[in-house]
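Below you'll find the structure, written out as structure tokens, and then a few comments.
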Amino acid sequence: MQPFKPSQPRPAVGESAPPEEQLRIAITFKGRTHTGPTKLAARLSSRSILSFAPEPGEMEKAIEALRQRGFIVSGRGRMTVSVRGSVAQFEHAFGTRLTPFNLSQKQSYSSDKVFYPAKGAPWNPDPSLSALIDDAYIQWPHIYLADPGASARPPSVGYYHLDVLKDVPAKLNVTNIHKERQHGEGIRVAMIDTGFDHSHPFFTRNGFTSSVVLAPSATNRQTDPGSHGTGESANVFAVAPKVTFIGVKLGDDADPNGGASILEGFQEALKHKPHVITVSMCYDLRDDNGVAELGELPNGLKPLEAEIQAAIASGIVVVFSAGNGHYAFPASMPEVLSVGGTFVAEDGAMTASDYASAFTSGIYSGRHVPDVCGLVGMLPNADYIMLPVPPGAEIDTGNAEHDGTTAGDGWAVFSGTSASAPQIAAVCALLLQKNPKLTPAEIKALLVRTAIDVRDGSASPASDPEGLGIKAGPGIDGATGAGLVDAYAAWQQA
């Protein structure tokens with residue numbers, strides 16, 4: 001997996017936006033407050049969010065008005081609607097001018113550029129449309145927290161690493177739960193990612209079953225050229241092998257710059273009534289100097305914030321990766337379960353992963369990331385957990401340069417908080433199997449108070465304004481939160 005590498009997107013000088021370029025757009029509504037969630041002076045919470053739910057008929061009227069203007073509805077949640085439209089349609093409907101922003105090739109963005117109103121661009125929406133909606137926000141590409149004829153058995157590499165099926169459950173103290181014959185049966189876990197190639201022999205020969213659904217513009221439920229979702233999903237099955245796994249694919253196989261936004265994927269996940277949603281992606285909310293976090297949430301991300309708050313308010317456990325040196329949103333939301341990283345050495349010694357993010361949010365007062373930790377490797381590459389990936393796909397070939405595997409063998413050694421989030425999401429499934437009445441807040445509290453204290457090491461220097469990495473120490477600390485999850489201890493108290 002690639003850690004954060006400083007680089008800011010810049011407009012392509014003198015370039016104008018192609019009018020046919022397709023945009024991913026989030027629509028918010030005024031609701032009974034008549035202000036809309038993006039206009040609220042205070043931050044949203046899972047208690048306040050329901051007051052912004054659209055009034056009966058409000059969403060339908062807006063959808064029809066958008067359709068009349070050529071927009072296509074791609075997703076619908078409880079609080080928001082996602083639509084697709086061209087640059088020309090957006091500029092005409094909202095009286096603005098869009099500029100192409102090229103994105104860093106060193107980060108795993110879901111697209112290489114985005115079209116957005118530049119600073120000082122006009123904003124004069126069609127009045128009849130403005131009367132029906134709160135606002136419209138082009139969705140900035142998200143970051144996959146990843147590096148760039150398979151066998152069911154992994155290859156041998158000449159260094160210490162974890163076997164996903166044997167070592168991950170053992171080091172998270174899950175094995176004792178399995179001995180109680182609880183494996184996540186009856187709990188629905190939705191994972192939003194690049195895709196899921198579960199035809200890999202690792203999944204079929206171990207009897208792991210799943211279903212995959214396509215978010216808007218995603219294609220082919222059986223493939224995963226990005227390979228990230230396939231590999232990281234193995235962490236779910238290692239911990240809770242009999243959950244009802246619902247993979248939500250974002251990737252478009254034919255167009256690496258196509259596919260769905262996180263919001264569209266989240267809206268699709270909600271249709272399947274999951275108990276747990278896990279996401280190993282983020283937006284890096286870094287300020288212009290590239291050192292600290294922004295002081296406020298960009299309006300374009302507030303529709304996603306609103307849907308997440310509504311999901312948590314309805315009882316869904318929402319898990320996000322803390323980031324790999326990123327100031328990661330939505331992990332920074334206080335109600336989200338944010339998962340960082342602990343490295344457990346061959347002799348059992350535990351240290352904070354210097355690959356994983358840890359920071360105090362400048363957006364959500366008093367919020368510190370992470371809450372708890374899963375298993376994550378160390379810089380420079382976090383080569384730690386042997387995971388199955390589609391043979392010849394991106395991670396299989398890219399990681400072979402440093403992880404000791406062979407390009408094309410269908411295996412790679414990687415981790416990052418992309419791995420720790422699904423690990424802990426699966427632990428949440430085990431807790432819900434034992435006690436389905438647990439709320440998201442109660443599950444977080446259980447994991448926090450039973451976690452194993454991690455006292456050594458430092459988190460990623462890239463998520464520390466001082467550039468050093470927040471240090472671990474006795475008790476709840478900045479680097480690892482409450483520490484490494486102890487699944488059995490939490491399960492006993494569930």
Side-chain angles (χ1 to χ4, degrees), residues 1 3 145 154 156-178 231-232 234-240 280 319 321-325 337-358 370-387 403-404 412-428 430 447-460 469-491:
M1 300 181 71
L145 298 176
S156 176
V157 294
Y159 59 91
Y160 171 68
H161 66 283
L162 303 185
D163 178 290
V164 67
L165 289 184
K166 179 180 70 176
D167 297 324
V168 168
K171 296 188 184 304
L172 293 175
N173 202 9
V174 172
T175 308
N176 285 325
I177 302 176
H178 292 174
E232 300 300 8
N235 289 282
V236 174
F237 291 109
V239 173
S280 295
V319 183
S321 297
N324 301 335
L337 179 56
S338 69
V339 185
T342 295
F343 177 79
V344 181
E346 192 168 7
D347 63 2
M350 295 187 300
T351 184
S353 167
D354 61 0
Y355 197 89
S357 292
D371 294 305
V372 292
C373 288
L375 300 162
V376 176
M378 303 292 283
L379 287 172
N381 299 307
D383 293 345
Y384 190 36
I385 308 173
M386 181 71 77
L387 296 169
D403 73 356
V413 186
F414 59 111
S415 60
T417 57
S418 284
S420 61
Q423 291 164 15
I424 305 314
V427 172
C428 294
L430 296 175
L447 296 174
V448 165
R449 71 172 180 259
T450 58
I452 303 168
D453 193 15
V454 179
R455 302 187 175 194
D456 297 319
S458 302
S460 172
I470 298 174
K471 291 184 177 180
I476 294 179
D477 60 57
T480 63
L484 181 66
V485 162
D486 184 330
Y488 187 58
W491 184 85

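Ring geometry, Y160 versus F343: the interplanar angle exceeds 60°, so the pair is classed perpendicular (tilted spans 30 to 60°).
Remark: the backbone N or O of D383 is not paired with any side-chain donor or acceptor of N381 at under 3.5 angstrom. Side chain of S460 to backbone of N324: no donor-acceptor contact under 3.5 angstrom is found. Under the 3.5 Å distance criterion, the side-chain polar atoms of S280 are left unmatched by any main-chain donor or acceptor of S321. Of the possible donor and acceptor atoms, one in the side chain of D354 sits under 3.5 Å from a partner among the backbone N and O of L379.
Partners of A472 according to the side-chain contact (heavy atoms from CB on, under 4.5 Å) rule, which considers only residues two or more places apart in sequence or in another chain, are A352, D477, A479. Residues passing the side-chain hydrogen bond (donor to acceptor under 3.5 Å, both in side chains) test with N176 are N173, sequence neighbours excluded. Taking the salt bridge (charged side-chain N to carboxylate O under 4.0 Å, His left out) definition, one finds that D371 meets it with R367, K444, sequence neighbours left out. Residues meeting the ring-ring contact (aromatic ring centres under 6.0 Å, His included) test with Y159, sequence neighbours left out: H161. Applying the salt bridge (charged side-chain N to carboxylate O under 4.0 Å, His left out) test to D453 and every residue at least two apart in sequence or in another chain returns R455.
A482 approaches V448 most closely through the heavy-atom pair CB-O, 3.4 Å. Minimum interatomic distance between G341 and T417 (heavy atoms only, all atoms of both residues): N-CG2, 4.5 Å. Nearest heavy atom pair, residue S357 against residue G325, reads OG-N, 2.8 Å. Across all their heavy atoms, E232 and L387 have their closest contact at OE1-CD1, 3.7 Å.
Contacts classified as salt bridge (Lys or Arg N to Asp or Glu O under 4.0 Å) and involving residues 163-178 (residues at least two apart or in different chains) are not found.
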